[in-house]
Amino acid sequence: MNIIEKVKYQINEEITAAFSRLKERGEIEFEQLPEFVLEVPREKSHGDFATNIAMLLTKQAKKNPREIAGLLVGEMDPQKTEIDRMEIAGPGFVNFHLQDQWLQNVIPLVLEQQDDYGRGDYGKGKKVMIEFVSANPTGLLHMGNARGAALGDSLSNIMNFAGYSVDKEFYINDAGNQIENFGKSLEARYFELLGKDFPFPEEGYHGEDIKETVQRIINTYGDSLLNDEHRVEKLTEVALQEKLGAIKHDLESFGVVYDNWYSEKSLHESGQIQETIKFLKEKDLVYENEGALWFKTSAFVEEKDEVIQRSNGIPTYFAADIAYHKDKFSRGYDLLINIWGADHHGHVARMKGAMEAIGHDPESLQVIIMQLVRLFRGKDIVRMSKRTGKYITLNELVDEVGKDAARYFFAMRSPDSHLDFDLELAKSESSDNPVYYVQYGHARICSIIKATGQEDFAVSPEALGVLQAEEERLLLRKIADFPEEVRLSAKHMEPHKLAIYAHDLAGLFHSFYNNCKVIGSEPQVMEARLGLVVATKITLKNILTMLGVHAPERM
RNA sequence: GUGCCUGUAGCUCAGCUGGAUAGAGCAUCGGACUUCUAAUCCGAGGGUCAGGGGUUCGAAUCCCUUCAGGCACGCCA
């Protein structure tokens with residue numbers, strides 16, 4: 001239990017106890033204590049915590065809220081908590097002001113836990129798989145993939161930190177129609193680059209990178225494939241290898257390393273897809289119509305039924321995806337998280353239905369839908385399309401904006417936001433990028449530590465008592481909040497909460513920095529402040545690490 | 001037409017299971033470097049939380065509805 005949780009728990013217990021004593025003595029009437037909240041007031045003059053319980057009890061107790069609040073305040077025993085004083089405010093809130101000490105204790109804790117400060121056991125070791133990016137290996141990664149990569153990687157770090165056991169997986173779509181198109185496009189380019197006439201397929205991939213890939217194949221194999229009947233297969237295989245290698249490389253340079261890469265093709269070859277279809281047939285969830293096999297999506301969700309095997313006998317992507325998720329569960333995962341672009345949201349309901357069909361709680365599949373990224377260069381929108389081959393790649397993004405800025409930029413926005421990414425702005429005003437604000441805080445602290453010449457130091461509890469300035473208290477409080485922020489960020493699967501927290505924390509530090517000298521202060525003050533800034537540094541670093549952003553020693 | 005996402009300051013966005021006077025960055029204006037890093041800080045201005053109903057002690061948050069934008073509705077993935 002972290003510091004905040006502990007204090008809240010104590011106060012909660014004492015509120016409950018106080019009301020049951022009041023009830024026993026007949027001073028108040030209620031059947032059952034309503035679910036109340038103990039929250040952190042926005043306004044700091046309202047104390048460290050506040051509860052709304054008095055307002056919630058009015059009907060049952062037939063008393064006005066301020067009267068109820070008065071009873072509570074009179075009955076609560078501050079000895080059992082770290083409460084310094086209580087007050088009744090507004091319509092009937094009870095505000096709790098805590099003793100200074102409870103917050104100061106956070107500093108020795110952070111100094112002791114170091115890289116582990118903020119780590120929790122909220123996830124209880126639950127096995128989680130996060131599948132993200134999973135882009136077609138027919139081209140390079142674009143901005144949407146970059147967003148997914150930043151999100152998925154940060155989320156997995158955060159959930160690991162919060163006590164889950166998370167694996168990251170990339171699903172390789174190396175089967176199906178788009179691969180056929182890919183093969184045909186390769187074939188056409190192959191002929192073309194060898195000076196032969198060949199029609200370019202209508203739905204082909206026009207990307208320049210494909211031409212380059214084919215040119216490399218020609219450099220290696222020459223024109224030996226011209227008369228090879230397995231020409232398309234061979235071209236496809238070589239090109240896929242190359243594309244996949246590039247994808248892997250680009251992701252690594254973005255700080256994203258997967259635990260596993262899973263091939264869709266392997267699902268076809270192992271027979272798992274047919275097994276899955278058979279399984280569904282046996283459950284009477286599949287029927288035939290016009291030569292195709294349909295899955296009864298409508299039995300689970302309000303969707304129309306969906307084809308899982310085409311009349312030509314080839315299973316659809318949906319069938320493969322069901323088999324894939326069946327496989328994920330069979331590997332022992334308790335929770336599956338998928339990160340998809342908004343253009344796939346229509347797939348969510350039927351996948352959840354399918355999870356039910358294969359015997360799993362639909363809620364054990366969580367799909368995070370992220371809205372699309374619109375790319376701008378100044379005022380001009382840059383259209384992204386793999387088919388026409390005009391798009392900015394992840395690689396180019398990293399080259400242009402830098403890994404840290406790109407990762408932070410994506411991480412700090414809710415997946416629900418339709419985000420406009422202006423490359424020119426990100427480039428030209430890079431010093432205004434929020435990531436520098438946070439990193440600068442870290443660098444400044446490193447600089448202070450260096451100036452003291454101290455490597456290791458302890459902080460005595462007595463010294464911490466001197467931390468009374470507003471800037472010091474706010475910073476302390478923010479640091480104490482960190483484990484709770486991690487927990488909430490993991491619980492709601494929202495990495496952007498931590499990015500925003502990091503920005504707030506850095507802001508409080510910068511204010512502190514401008515108002516409170518560390519070096520050159522009274523020895524005791526310096527000792528306490530040094531403890532405070534080191535705790536800040538540790539916290540900042542732990543967040544940046546989770547977000548995949550470098551925490552620089554100097555800038 | 002149906003479904004999902006979005007609409008909060010000039011711009012980009014936060015706002016946790018409903019809480020007290022709606023926040024931050026950028027931009028604008030005015031201040032602070034003989035100092036542990038000015039990539040910083042302090043202050044000011046800037047709002048019909050898209051509009052309208054409802055739920056209640058209390059709504060940016062929940063429900064209904066209208067409007068606007070994005071996305072999806074295939075024997076594609």
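Basis for what follows: all heavy atoms, side chains included, without hydrogens, waters or symmetry-related copies. Every chain is numbered from 1 and lettered A, B, ... according to where its sequence line falls, protein lines coming before strand lines.
- Taking atom P in both B:rC49 and B:rU8, one finds a spacing of 11 Å when rounded to whole Å.
- Between A:R374 and B:rG69, a side-chain N or O to OP1/OP2 separation shorter than 4.0 Å is absent.
- The residue A:R529 sits apart from the nucleic acid: no heavy atom pair falls under 4.0 Å.
- The separation of B:rG58 from B:rC62, taken at their C1' atoms, amounts to 13 Å, rounded to a whole angstrom.
- Residue A:Y513 contributes atom OH, which lies 4 Å from atom C1' of B:rC36 at whole-angstrom precision.
- Interface remark: the A:H503 side chain does not form any donor-acceptor pair with the B:rG25 base, using a distance-only criterion of under 3.5 Å.
- The aromatic ring centroids of A:F295 and A:Y287 lie 6.0 Å or more from each other.
- Between A:N181 and A:Q178, the side chains place no donor N or O within less than 3.5 Å of an acceptor N or O (distance only, hydrogens not considered).
- With B:rC13, B:rC71, B:rC16 as the candidates, the nucleotide lying closest to the side chain of A:L372 is B:rC71.
- Rounded to a whole angstrom, the distance from the C1' atom of B:rC5 to that of B:rG43 is 39 Å.
- Across all strands shown, B:rC71 forms a Watson-Crick or G-U wobble pair with B:rG3, both key distances being under 3.5 Å.
- Proximity note for A:H496 (side chain, C-beta onward) versus B:rG15, B:rA38, B:rC36: the nearest is B:rG15.
- Residue ring and nucleobase are not stacked for A:Y437 and B:rA39 under a centre distance beneath 5.5 angstrom and an angle between planes beneath 30°.
- Across all strands, A:L56 comes closer than 4.0 Å to base atoms (heavy-atom distances).
- The CD1 atom of A:I68 sits 11 Å away from the C1' atom of B:rC57 (whole-angstrom rounding).
- Close to B:rC16, at under 4.0 Å from its OP1 or OP2, lies no side-chain N or O of A:R487.
- Contacts of A:C516 with the nucleic acid, taken as non-hydrogen atoms under 4.0 Å apart, include base atoms.
- Between the base of B:rC75 and the side chain of A:T316 there is no donor-acceptor pair shorter than 3.5 Å.
- Side-chain atoms of A:E87 and A:H97 include a donor-acceptor pair closer than 3.5 Å.
- In terms of phosphate contacts, A:K59 brings a side-chain nitrogen or oxygen within less than 4.0 Å of OP1 or OP2 of B:rC57.
- Residue-level contact check: A:A320 touches neither bases nor backbone, having no heavy atom under 4.0 Å from any strand.
- Taking the side chain of A:K304 as heavy atoms from C-beta on, and the options B:rA38, B:rG74, B:rA20, the nearest nucleotide is B:rG74.
- Remark: the separation of the C1' atoms in B:rC29 and B:rA9 is 16 Å, to the nearest Å.
- One can place NE2 of A:H510 at 11 Å from P of B:rG25, the figure rounded to the nearest angstrom.
- With B:rA14, B:rA20, B:rU40 as the choices, the nucleotide that has an atom nearest any side-chain atom of A:N514 turns out to be B:rU40.
- Taking atom C1' on both B:rG70 and B:rU28, the two are 31 Å apart, rounded to the nearest angstrom.
- Distances from the side chain of A:H344 to the nucleotides B:rA72, B:rC13, B:rA77 place B:rA77 closest.
- Heavy-atom contacts from other residues, nucleotides or ligands closer than 6.0 Å to CD of A:E5 number more than 12.
- You'll find that the side chain of A:K497 is closest to B:rC16, out of B:rG19, B:rU40, B:rC16.
- Across the interface with RNA chain B, nearest-nucleotide mapping of A:M555 and A:V94 shows A:V94 to be the residue nearer the 5′ end.
- Within the shown strands, nothing qualifies as a pairing partner of B:rA38 under the Watson-Crick or G-U definition with both distances less than 3.5 Å.
- A:A89 comes within contact range of at least one nucleobase, with a heavy-atom separation under 4.0 Å.
- Among the protein residues, A:T452 comes within range of no part of the nucleic acid, since none of its heavy atoms lies under 4.0 Å from any strand.
- Although no hydrogens or angles enter the test, the distance criterion places no donor-acceptor pair under 3.5 Å between the side chain of A:H46 and the main chain of A:F96.
- Neither side chain, A:Y122 nor A:E484, offers a donor N or O lying under 3.5 Å from an acceptor on the other.
- Distance noted for atom C1' between B:rG18 and B:rU56: 10 Å (whole Å).
- For B:rC5, neither phosphate oxygen OP1 nor OP2 lies less than 4.0 angstrom from any side-chain nitrogen or oxygen of A:S417.
- Counting non-hydrogen atoms under 4.0 angstrom, A:A292 reaches a base of the nucleic acid.
- With both pairing distances under 3.5 Å, B:rA27 is matched to nothing as a Watson-Crick or G-U wobble pair.
- Whole-Å rounding puts the A:R42 CZ to B:rU61 C1' distance at 12 Å.
- Syn is the conformation of B:rC33, whose glycosidic angle sits no further than 90° from 0.
- Rounded to a whole angstrom, the distance from the P atom of B:rA22 to that of B:rA50 is 15 Å.
- Ring centers of A:F170 and A:Y262: at least 6.0 Å apart, outside the cut-off.
- The partner of B:rC16 cannot be assigned: no Watson-Crick or G-U wobble pair with both contacts below 3.5 Å exists in any strand.
- Side-chain contact, A:N173 with A:Y317: no donor N or O sits under 3.5 Å from an acceptor N or O.
- Using a 4.0 Å cut-off, no side-chain N or O of A:Y436 falls inside it from OP1 or OP2 of B:rA39.
- Nearest nucleotide to the side chain of A:E264, out of B:rA77, B:rC57, B:rC71: B:rA77.
- Here the nucleotide nearest the side chain of A:Q178, chosen from B:rA77, B:rC5, B:rA14, is B:rA77.
- Distance, A:H268 NE2 to B:rA77 C1': 11 Å, rounded to whole Å.
- For A:N177 and B:rC76, the shortest distance from a side-chain N or O to OP1 or OP2 is below 4.0 Å.
- Judged by distance alone, the side chains of A:Q60 and A:Q32 never bring a donor and an acceptor atom under 3.5 Å apart.
- Going from atom CE of A:M412 over to atom P of B:rG25 covers 11 Å, rounded to whole Å.
- Stacking between A:H46 and B:rA20 is present: the aromatic ring centre lies within less than 5.5 angstrom of the base six-membered ring centre, and the two planes differ by under 30 degrees.
- Nearest nucleotide to the side chain of A:D343, out of B:rC57, B:rA20, B:rC71: B:rC71.
- Between the CG atom of A:D420 and the C1' atom of B:rG70 there is a distance of 11 Å, given to the nearest Å.
- Closest to the side chain of A:N95, from the set B:rA20, B:rC5, B:rA39, is B:rA20.
- Donor-acceptor pairing under 3.5 Å, judged by distance alone, is absent between the side chain of A:H345 and the base of B:rC5.
- Across all strands, A:N52 comes closer than 4.0 Å to base atoms (heavy-atom distances).
- Taking the centre and axis of the six-membered ring of A:F318, the NZ or CZ atom of A:R310 falls outside the cone set by 45° and 6.0 Å.
- Spacing between B:rA77 and B:rA39 at atom C1', rounded to whole Å, works out to 44 Å.
- Remark: C1' of B:rG3 and NZ of A:K352 are 16 Å apart, rounded to the nearest angstrom.
- Projected onto RNA chain B by closest heavy-atom contact, A:R554 and A:W294 fall at different nucleotides, the more 5' of which corresponds to A:R554.
- Residue contacts for A:E290: at a heavy-atom cut-off of 4.0 Å it reaches a base atom on one of the strands shown.
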